[in-house]
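A note on names: the letters A, B, ... follow the listed sequences, proteins ahead of strands, and every chain is numbered from 1.
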2 protein chains.
Amino acid sequence: MATTLANPGLISLAAGFTDQSSLPVQETREILQELLRSPKTGPAALQYGTTIGDQVLRELTASRLKQLDEVRGGSAILSPERMVITNGSQQMLYMVTEALCDPGDVVLVEDPSYFVYLGILQSHGVHARGVSMEHDGLDLAHLEQVLETLKREGTLPRLKLLYMVSYYQNPTGVTTSFAKKGGVLNLLRKFERVAGHPLYLLEDAAYRELRFQGEAVKSAVAADPLGERVIYTGTYSKPFATGARVGFGLLPKSVLTPVVRIKGNHDFGSSNLLQQLLARALACGLYESHLAILRNRYAQKAKVMRKHLQQHFPPAVVWREPHGGLYFWPRLPRWLKSGPHSKLFQEALKKNVLYVPGQLCYAEDPSRPRPNNEMRLSFGAASERNICTGIERLGKALHRLL
Amino acid sequence: MATTLANPGLISLAAGFTDQSSLPVQETREILQELLRSPKTGPAALQYGTTIGDQVLRELTASRLKQLDEVRGGSAILSPERMVITNGSQQMLYMVTEALCDPGDVVLVEDPSYFVYLGILQSHGVHARGVSMEHDGLDLAHLEQVLETLKREGTLPRLKLLYMVSYYQNPTGVTTSFAKKGGVLNLLRKFERVAGHPLYLLEDAAYRELRFQGEAVKSAVAADPLGERVIYTGTYSKPFATGARVGFGLLPKSVLTPVVRIKGNHDFGSSNLLQQLLARALACGLYESHLAILRNRYAQKAKVMRKHLQQHFPPAVVWREPHGGLYFWPRLPRWLKSGPHSKLFQEALKKNVLYVPGQLCYAEDPSRPRPNNEMRLSFGAASERNICTGIERLGKALHRLL
């Protein structure tokens, strides 16, 4: 951030910001106008709400999840009663960790994972253990091996949950298949007896709605028929407006009560005005129509980035095409470092382009060295023009060092 | 909440909600219209902001504090650089406690104090020790005695801060004099050597702007010329719109960095849209003009409550008239219990009126029994008509039991 401000010519492919030109400004203006014009809804939107969140928004959110998971009719699991509204899904990740983890506990994470979540774990004194990833999500054999190791070490009782960014993962762009979600739940269940308590799957679905190609994948909630082990977090920030910061969590009953209590202590409820904004956007269809625009927009920007990666990056650098989300994750030859102190990073800065060094997305896990030859490139915030120029500059830096 | 919903005839004098009829609906509508109409400010309001908060809002807030504390010219203390924007001031109270306290630590609180803050302490495993109150704030002699006791017990190194709701306190309505703020800072400073670390004064000024009579009192910041010991929290929820949930903190440098890091983990920044709303309201004078209306409104409602207390409450029940804020704090004869299991509370419920039992506002402090003969009555949310009826019903219940 400081680097960007000090250098207005810098092109940032680092920030996870969303596309500025497709923010729903007009839509938001209309909804707020209508909301605040009515003597019935206006004052209510400016008054305190409840800690758990607006009832209508929770109902609409539960309905939307049912639609995404293709559940028809009533569902005791995808129910507004289990839904809590938060300040972005980030707050839910924080609160769940606060509710379930004590200092010295262990959480399993994808290797690599969302770096802010790694920071949350660190701030709570929780040890992160990485589980390798394949092109369709966690490597289940490695997960079993890690669980066996924890069992052997006697630290399984300190394991509380597994954290997974299941759609168009931050940072790799990988989507976890539905089969693997079931596989993860089975493995966790298998080790619960030794752990002595539930082992939860924390599914962070922040990018779920930003799908622009490939099949839709059901959530882990659909693989947990009793609704006892999956903690699902989602957000309206990325698919609607990041400035609104409205997220949510669907929680097993055992987690719901402590999380609502923590929410009460944090802020006793998210802004009612923003919740009403989202509830209206969902109810009147503006959310859905805006989402369609957004998906096209990101599809287009991803295409531009891919084209320029192909054109400007040396063949020794490899990547997979994401089917949604905001990120490419190029991998360099192992000997070419990409970290914040690397020649490449410095060279990129000199050429006025910024990326997220892959190293930052790996937990401090003593069982393996932290890989240091990847980069996260975001096509979210940068304009198409800046994507072209940025990738071209990075390509030059790479060619120079290879 | 559940009681209220289940019983629509119930009059709640319990909730700390604000006056529904004077919420700035029209003002908010106009500001948001203007904000979202402009191609320059519209998209920016719907994009992510920074973790510490919007620069303009932080500047305007610092200016406003300068105005309230009658500071002219530049000030290194009342500076936007030390200002963090939060989701209500509640989030700041939470983050400061998280940053400074470990389980087993001690925090001094007013006796009685804001019950949600007592909950925050409890959830962090922090012991609250109560310090008696006088009509103008803490009893300094008792504060010194408590500090001496901690020193003697050897627990002074576990003391981290003193929490004070300094204006029209929740629940008593008491305002702490400026002289007492200085006295508290002196006493804390005196015991720092034995504590081995800074002892902070956490000044919660949530009700400061809701003054409707009496002199304005300067903040504790003005009694801390080096800006090293006072953590000041304020909010725009109560003086503008509770549904917006925008608060702030002015922090010593030693506390600023850890708090911003925690804010990054909580939610990496409050909603930009709400921050822009408040910044505009402050800049264009709507905040100030609305506040004048609000003050008159609460003055009027306080007058109505006072009149009916005089008329309907037995003479054995005593109270002081608040000069601002939202609360009366009647004290019953010591033998007449007011707690949630008391005959009085049940009788009140039967008569369809709800108050906050005073007992809930006292910390679990083994050094004294929890008083159980007071009640918090709010004139914030209830209509004038409901204030009359509610007090009349409570009066009948009291007469019956006295």
Value rounded to 0.5 Å, distance of CG in B:Asn87 from OG in A:Ser270: 7.0 Å
Toward chain A, the part of B:Leu277 with a non-hydrogen atom under 4.5 Å: side chain
Part of residues 22-29 of chain B lying next to chain A, heavy-atom separation under 4.5 Å: B:Leu23, B:Pro24, B:Val25, B:Thr28, B:Arg29
Residue, of B:Ile262, B:Asp267, B:Thr242, B:Thr18, that accumulates the most heavy atom pairs under 4.5 Å with chain A: B:Thr242
Part of B:Leu274 within contact of chain A (heavy atom distance under 4.5 Å): side chain
Neighbours of chain B found in residues 94-102 of chain A - heavy atoms under 4.5 Å: A:Tyr94, A:Glu98
Largest heavy-atom contact set with chain A, pairs under 4.5 Å, which of B:Leu273, B:Ile120, B:Asn272: B:Ile120
Structural part of A:Lys238 lying under 4.5 Å from a heavy atom of chain B: side chain
Greater than 12 external heavy atoms within 6.0 Å of B:Gln33's CD: yes
Choice from B:Gln90, B:Gln91, B:Gln47, B:Arg37 maximising heavy atom contacts with chain A below 4.5 Å: B:Gln47
Heavy-atom pair with the smallest gap, counting every atom of B:Ser271 and A:Gly243: OG-O, 2.7 Å
Heavy-atom closest contact (B:Gly119 atom, A:Asn265 atom, distance): O-ND2, 3.7 Å
Lys NZ or Arg CZ of B:Arg245 over A:Tyr48 ring: under 6.0 Å, within 45°: no
Largest heavy-atom contact set with chain A, pairs under 4.5 Å, which of B:Ala45, B:Pro43, B:Ala241: B:Pro43
Atom pair NE2 (A:His266) and OG1 (B:Thr86), whose distance is rounded to the nearest 0.5 Å: 12.5 Å
